[in-house]
Amino acid sequence: MPFDSPDLNLGTLLGDIELGKVQLPDFQREWKWDDPRIVSLLPTITLGYPVGVVMMLEVGGADVNFAPKPLAGVNGTVTYPPEQLLLDGQQRLTSLYQALKSQRVVDTIDPRGKKLQRWYLIDIERALQDDGDREEAIVSAPADLVLRHDFGRAVTADYSTVESQCVAGVFPLWIAFDMPKVFAWQGRYVASDPARVQRWNEFYQRVLNNVISYTVPVIVLKKSTPKEAVCTVFER
């Protein structure tokens, strides 16, 4: 069973998902990761730690002809026919696409299965604490980007504007792969306090660059792979 095993840049891979070059076989179950699992995944990427291998299958094989479908959250952006079908890694890559690439609110659920909409940000100061838990730096915010307590009657934090994000020092992870927006955000962040230049540089090198340069180990099964072998690999 011939295969390739490249390491792919995460941003490139998510871009291929958005364009439709990477899709799912239609028999794949629906994406269903809840908010806490996404919050636990994002620190791993910002630290540059591995999240496991992804497996894909080249399309066009004479013996394998699965119908494709885009990953959840890929709405109206598909402009290419699929080149690979994602056999393993759907939950991780869908979560990362929605949180880091789509620039749309993430449709997820809470641990009880209740539907939620979330944006994900990262607290710069907490992320740079050497003895801190990186997960504590991840902010999961509702659709309006306003955190509330006391049954929604009192506001804890408002991140609904770039200005309020910069003042609070909380970076919006959904623009991580959009460099013009990253640099525009940086400009607003340091403009309010010139002393923040060094802080931003440290955050970029130690945190954000881990996201931008992150690579994913991928196994790509060749299109010549027999259908029985594909099914066996998928089941296992």
Across all chains, not counting sequence neighbours, the side-chain hydrogen bond (donor to acceptor under 3.5 Å, both in side chains) partners of K181 are Q103
Are V182 and L208 side-chain neighbours, meaning at least one heavy-atom pair lies under 4.5 Å? yes
Is there side-chain contact between L128 and R206, with heavy atoms separated by less than 4.5 Å? yes
For E125 and R199, the nearest pair of non-hydrogen atoms, with its separation, is OE1-NH2, 2.8 Å
Min side-chain heavy-atom separation W119-V106 under 4.5 Å: no
Can you tell me if N9 uses its side chain to pair, donor with acceptor, with the backbone of I212 under 3.5 Å? yes
If every non-hydrogen atom of A127 is compared with every non-hydrogen atom of A137, which pair is closest and at what distance? N-CB, 3.7 Å
Nearest non-hydrogen partners of L24 and P70, listed with the distance: CD1-O, 4.2 Å
Heavy-atom closest pair (V78 atom, G20 atom, distance to 0.1 Å) is CG1-CA, 3.9 Å
With the side chain counted from C-beta on, respond yes when V51 and I45 share a heavy-atom pair under 4.5 Å apart, and no when they do not. yes
Let's go through K222 and E58 carefully: what are the C-alpha distance in whole Å and the side-chain angles of both, what is the deciding distance for salt bridge (Lys or Arg N to Asp or Glu O under 4.0 Å) to 0.1 Å, and is it a yes or a no? CA-CA 5 Å; K222 293 293 188 178; E58 287 183 346; 3.8 Å; yes
Transitive ILVMFWY side-chain link V167 to V155, under 4.5 Å: no
Side chains of Q98 and R104 in contact at under 4.5 Å (non-hydrogen atoms): no
With a 4.5 Å limit on heavy-atom distance, are the side chains of V220 and S5 in contact? no
Minimum heavy-atom distance Q91-K32, with the two atoms named: OE1-N, 3.0 Å
Going through the distances and angles, do R153 and D150 end up as a salt bridge (Lys or Arg N to Asp or Glu O under 4.0 Å)? CA-CA 6 Å; R153 292 190 290 263; D150 192 20; 3.1 Å; yes
Any chance the side chains of D35 and S140 put a donor and an acceptor closer than 3.5 Å? yes
Report the C-alpha distance between V170 and I124 in whole Å, list the side-chain angles of each, state the deciding distance to 0.1 Å, and finish with yes or no for side-chain contact (heavy atoms from CB on, under 4.5 Å). CA-CA 6 Å; V170 178; I124 292 175; over 6 Å; no
Would you please name every residue forming a side-chain hydrogen bond (donor to acceptor under 3.5 Å, both in side chains) with Q165, sequence neighbours left out? W185
Do you see a donor-acceptor pair shorter than 3.5 Å between the side chains of R148 and T156? no
With a 4.5 Å cut-off on side-chain heavy atoms, are I122 and T46 touching? yes
Would you say P36 and P111 make side-chain contact, with heavy atoms under 4.5 Å? yes
